[in-house]
Amino acid sequence: MSLLEVVVSSVVLATSSSAALGVWNQAATEVQRATQLDALALQLETARISTERWLQSDAAASVVIDSSSPDCRFNPEALEAAVAERLPLGSEVISRWSADPQGLGHWLELSAPSQPAMPPVMRRLLFTPAAYGLCKQAEVRS
Amino acid sequence: MLLLGSASLHTLSLQKRLRVHASSQREQGADQLRSAAQAFAAAARGEEACLLKWSSLDWPAVVHGCSGSAPSQLSGGVVGEMPWSLLDWQPFTESGQLKVQLADGRTGSFRLSLDPLAPAVLGISEVQLQARAPQVEGE
């Protein structure tokens with residue numbers, strides 16, 4: 001093998017190794033991001049299921065309904081406080097309740113803090129007292 | 001070989017990211033369907049609760065037996081800027097099968113627990129996603 005061949009093959013090997021390492025690094029970053037997104041999505045799903053399960057429980061009925069309203073509505077402060085206090089929301093999960101403009105119920109927005117180069121992870125669901133039989137229980141109590 | 005191996009790994013990582021994105025889209029669609037089912041339960045109160053005893057196909061005929069009820073209240077609406085419509089409601093003894101569709105064609109069904117003593121919703125099951133139907137005409 002001549003000196004020229006050795007030099008050329010060395011250059012080709014160095015270039016391809018460098019390119020391969022670059023692609024490898026990029027792939028590793030992508031895998032890490034996707035794994036993080038997966039973990040965050042799982043935390044939000046767990047928070048959603050926990051909220052739903054709790055609203056189905058008898059404990060919720062006596063706490064979350066606004067007894068002063070004739071229309072069977074959630075008491076937003078009680079709802080927010082009860083969910084924040086009793087549910088095991090992941091440390092990275094931010095929950096926010098807001099009233100539905102049509103008065104149907106309350107929207108729960110679950111999100112994770114945005115991180116660089118990652119799409120925002122968010123869930124948004126409507127919860128209504130009637131869907132959990134809470135209106136009927138409120139009527140019985142009153 | 002090294003370059004080819006890295007390219008394969010990169011393809012796999014992109015596939016994983018696409019899978020996460022698709023899963024996120026599916027969950028958001030499911031959330032909108034869940035919200036529509038919650039809106040149905042909220043509407044099925046008062047005068048409209050009487051309609052829960054009947055199949056949605058029978059509502060036009062039984063509306064006189066459910067005085068003051070308006071089937072249109074249960075037939076659709078808008079939740080979070082997403083229009084939804086009722087595809088079917090089938091009541092059984094202590095439960096009912098609800099099928100709703102979003103304006104973008106996504107469809108889901110739910111089993112609703114019903115009070116055996118009076119027409120009222122007591123609970124909603126997890127959504128069963130169904131194949132996306134053709135987009136609703138006019139939406």
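Keep in mind that this is a model prediction, so the values were computed, not measured.
For B/Ala39, the parts sitting under 4.5 Å from any heavy atom of chain A are the backbone and the side chain alike. Only the side chain of B/Glu126 comes within less than 4.5 Å of a heavy atom in chain A; its backbone stays farther off. Proximity to chain B (any heavy atom under 4.5 Å) is shown, for A/Ala41, by neither the backbone nor the side chain.
The environment of B/Lys16 atom NZ is dense: over 12 non-hydrogen atoms of other residues, nucleotides or ligands sit within 6.0 angstrom. Other residues, nucleotides and ligands place more than 12 heavy atoms under 6.0 Å from the CH2 atom of A/Trp107.
Under the 4.0 Å criterion applied to side-chain N and carboxylate O atoms, A/Glu45 and B/Arg26 are not assigned as salt-bridge partners. Between A/Arg123 and B/Glu27 there is a salt bridge, since at least one side-chain N of the basic residue sits less than 4.0 Å from a carboxylate O of the acidic one.
Minimum interatomic distance between A/Cys72 and B/Arg45 (heavy atoms only, all atoms of both residues): CB-NH2, 3.5 Å. The two atoms that bring B/Val121 and A/Ala131 nearest to each other are CG1-O, 3.9 Å, heavy atoms only.
With hydrophobic clusters built from ILVMFWY side chains whose heavy atoms lie under 4.5 angstrom apart, B/Trp84 shares a cluster with B/Leu129. Hydrophobic clustering (side-chain heavy atoms under 4.5 Å, transitive across Ile, Leu, Val, Met, Phe, Trp, Tyr) keeps A/Leu108 apart from A/Met122. Hydrophobic clustering (ILVMFWY, side-chain heavy atoms < 4.5 Å, transitive): B/Leu33 and B/Leu87 are in distinct clusters. Note on A/Leu110 and A/Trp54: same hydrophobic cluster, where clusters join Ile, Leu, Val, Met, Phe, Trp and Tyr whose side-chain heavy atoms are under 4.5 Å apart, directly or indirectly. At a threshold of 4.5 Å between side-chain heavy atoms, the hydrophobic network of Ile, Leu, Val, Met, Phe, Trp and Tyr places A/Val31 and A/Trp24 in two separate groups.
Although no hydrogens or angles enter the test, the distance criterion places a donor-acceptor pair under 3.5 Å between the side chain of A/Gln102 and the main chain of B/Val78. B/Gln38 places a side-chain N or O within donor-acceptor distance of the main-chain N or O of A/Thr128, the cut-off being under 3.5 Å.
Of the residues listed (A/Asp38, A/Thr35, A/Leu40), the one engaging B/Val20 in a side chain to side chain contact (heavy atoms under 4.5 Å, CB included) is A/Asp38, and it is the only one.
How far NE2 of B/His10 is from CD of A/Gln26: 3.5 Å, rounded to the nearest 0.5 Å. Of the inter-residue distances, the one linking B/Arg34 atom CZ with A/Arg48 atom CZ reads 3.5 Å to the nearest 0.5 angstrom. Taken from CZ in A/Arg124 to CG in B/Asp31, the straight-line distance is 10.5 Å, to the nearest 0.5 Å.
Between chain A and the residues B/Ala41, B/Ala42, B/Ser35, B/Ser24, the most heavy-atom pairs under 4.5 angstrom are made by B/Ser35.
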